[in-house]
Protein chains: 2
Amino acid sequence: MARIRDVAREAGVSVGTVSMVLNHADYGSPAIRQKVESAVEKLQYVPSEMARNLSLKRTMTVGIIVPTVSHPFFAELVGDLEEALYHLGYKTMLCCTRQKENAEHVFLEMLQRQNMDGIIMGAHSLDTAIYQGVKQPIIAFDRYLSPDIPIVHTNHVLGGEMAAQAFLQHDCHHIVEISGSQMVKTPAGEYHQAFNKVMQAHGVRTDVVALPWNSFGFKESMELAERIFDEFPDVDGILGSDVSVSSCLQLAVRRGIKVPEQLKLVAYDGTYITQNGILKLTAVRQPIAELAEIAAKKIVSLINGSQDDSPWVLPPTVLKGETC
Amino acid sequence: MARIRDVAREAGVSVGTVSMVLNHADYGSPAIRQKVESAVEKLQYVPSEMARNLSLKRTMTVGIIVPTVSHPFFAELVGDLEEALYHLGYKTMLCCTRQKENAEHVFLEMLQRQNMDGIIMGAHSLDTAIYQGVKQPIIAFDRYLSPDIPIVHTNHVLGGEMAAQAFLQHDCHHIVEISGSQMVKTPAGEYHQAFNKVMQAHGVRTDVVALPWNSFGFKESMELAERIFDEFPDVDGILGSDVSVSSCLQLAVRRGIKVPEQLKLVAYDGTYITQNGILKLTAVRQPIAELAEIAAKKIVSLINGSQDDSPWVLPPTVLKGETC
DNA sequence: GTGAAAGCGCTAACAC
DNA sequence: GTGTTAGCGCTTTCAC
């Protein structure tokens, strides 16, 4: 591999000149620039990013921490984040915490080792204490980590109310809510509160069942669906994430429960899996792409100390489907 | 940030000693090790990965190039690759090519700039010429890139035959196959050939319709589904990727076509979207997790010049569903 | 077993 | 405007 000094020798100039010509479009006389460029061409010179990183003390890389990427919500999120970061000139380090011993610590240490310039944290954390002392830039995506770590998220109060309105249009009497683990407090968890408030005001009975921690699989959500139908035979409405509500739909049909006649379903998230089935699920959709773009912009401005005026909270929308 | 020489001073030893103690478990006397460790603790020292990278000329990072991650197949693939690489001690750089000008060149250049030690290429490439001269380690995932770039993939001949067997059990007369773009030749494309061969031998009519290049969206596949039902009213079997067959199922139900009575459906890939709908799709499942693990092992052995004896080709399996 | 010093390849401040 | 050179922080060879 040719190094910068080989280029300098070939071009008959100094190393510093080559570096300046390569990194600053307005440096040097046309003649010099030409000489450098043809030397680069001739030697097939490609600068070493490791050396630049060390010299400039930055990597132009942002880490995205999520539980998993094989889940429609996080798949969309990660895809949108990667795209936004790319257009801002940043590379994406993918960090999945699920099914790994204590990956969260490992990834956080990567940040401290300056492997990446900042992180966007979208994974549930049981041990938020480890974020306290961290000096490097962090943006949380829909997660409470520490008082001084800013959060980008959907307006879940609005989301809960939207879900409530959907059910209220159809005269339901007993709604079961599927929540994530109660072990972690997340902004997303708050839509249940808003939902319950509206439901109580209307005298509708609600029950909450919770998924195990860090559970995003189809097996777990199908098991939960069975539990719901067994424990609450009179349930006539279910609210939960896309995946859990999909499982409920599948099981309802299997058990001969008519949707939406006997059972109304509202999915919270509104990823593509709510749209590609035989019945389109009615859903409260989180503005994932927009949130991702904001999170990307904010982590970048945190990294280079600039200002970003994008809002921190965005409203969800309703996808009218066939299940409520 | 404390540097290694601060630790050395604090511990009263030389920089070299600190480095050796930190990187080699069997170096130094217990007394020295103890001194170094408490200095590290006291100063909260974290080594700079950029400096190590430059010194060791490696990044312990592998790039994964895919068209997108918000598609169930690639979501699973990327998730499994990240996990496998993590357990091999490598970090994952996520590189998505879709909806970006010429991202493929950009990512390939990152490889040459030694931003990553190797790449696993899972994106369609229109310009395979750019891979010719590349010296760095590359493993292709189900893609033909260049004669000297090794490929990990499913045994698609077997896959095509399995799909054929599924239809043959049900006496179909006219099967439409949905293929990816004809512009790129991929191993996956070959399942159609194997499928056609069997079908011809049994005198079953087949037609092929193709998706546009790099099209993985639900809109495109729904449009294609409409075209199929319009152009081929007598179709009684459809074979295609999970997403495209899902769209066909949705549209069939909407048009009052009974599945599986009047129309048999077989999905090729077998990702979770074939399993979470009201009707489970009969599918030929690619062994994504196993292939991912193999690809990860192989790129790592390519990077450090070791040997890997895993097979290059793995057989698919049939997921018996309710649509064929 | 331990310390000094020469890189790794690039950037940019500072002389000329 | 151009060249020289001192870092960036770490690893490791080579004397002691």
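Below, chains carry the letters A, B, ... as their sequence lines are ordered, and counting in each starts from 1.
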In this structure, how many angstroms lie between the C1' atom of C/dC8 and the CD atom of A/Glu49, rounded? 15 Å
So, is B/Lys57 near the phosphate of C/dG9, with a side-chain N or O under 4.0 Å from OP1 or OP2? yes
Can you find a side chain N or O atom of B/His24 that sits less than 4.0 Å from OP1 or OP2 on D/dT12? yes
From CA spacing to verdict: side chain to side chain contact (heavy atoms under 4.5 Å, CB included), B/Trp312, B/Lys298: CA-CA 9 Å; B/Trp312 295 95; B/Lys298 288 198 184 288; 3.0 Å; yes
Would you kindly give the CD-to-C1' distance between A/Gln112 and D/dG9, to the nearest whole Å? 17 Å
Side-chain N or O of A/Ser29 versus OP1/OP2 of D/dT2: is the shortest distance under 4.0 Å? yes
Strictly below 4.0 Å: does B/Asn23 bring a side-chain N or O up to OP1 or OP2 of D/dC10? no
Aromatic centroids of B/Tyr131 and B/Tyr144 separated by under 6.0 Å: no
According to a strict under-4.0 Å criterion, is B/Arg5 in side-chain N/O contact with OP1 or OP2 of D/dC8? yes
Of B/Gly12 and B/Gln114, the one whose closest nucleotide on DNA chain C sits nearer the 5' end is B/Gly12
Could you check whether B/Val13 gets within reach of a base, just the sugar-phosphate, or nothing at all, counting any heavy atom under 4.0 Å? sugar-phosphate
Do we see a donor-acceptor contact under 3.5 Å between the side chains of B/Thr154 and B/Gln286? yes
Atom CE of B/Met50 and atom C1' of D/dG7 are separated, to the nearest Å, by 14 Å
Regarding B/Asp127 and B/Ser125, is there a side-chain donor-to-acceptor distance under 3.5 Å anywhere? no
Which nucleotide, C/dC10, D/dG3, C/dG3, lies nearest any side-chain atom of A/Ser14? D/dG3
Round to the nearest Å and state the distance from A/Ile4 atom CD1 to D/dT2 atom C1'. 14 Å
Short N-O contact, B/Lys100 and A/Glu83, less than 4.0 angstrom: no
Nearest-Å distance, NZ (A/Lys35) to P (D/dT2)? 9 Å
Taking for A/Ile32 and for B/Tyr45 the nucleotide of DNA chain D with the nearest heavy atom, the one nearer the 5' end belongs to A/Ile32
B/Leu54 atom CG is separated from D/dG7 atom C1', nearest whole Å, by 12 Å
In whole Å, what is the span from the CG atom of B/Asp117 to the C1' atom of C/dC8? 15 Å
Is a side-chain donor-acceptor pair under 3.5 Å present for B/Arg52 with B/Asn23? yes
Should A/Thr17 be listed as having a side-chain N or O under 4.0 Å from OP1 or OP2 of D/dG3? yes
Closest-nucleotide 5' rank along DNA chain C - winner of B/Ala51 and A/Ser19: B/Ala51
Name the nucleic acid region contacted by A/Asn53, choosing base, sugar-phosphate or nothing; use a 4.0 angstrom heavy-atom cut-off, strictly under. nothing
Counting only side-chain N and O atoms of A/Arg52, is one of them less than 4.0 Å from OP1 or OP2 of C/dT11? yes
Looking across every strand, which nucleic acid part, if any, lies under 4.0 Å from B/Leu56 by heavy atom: base, sugar-phosphate, or nothing? sugar-phosphate
Can you tell me the distance, in whole Å, between the CZ atom of B/Arg3 and the P atom of D/dC10? 8 Å
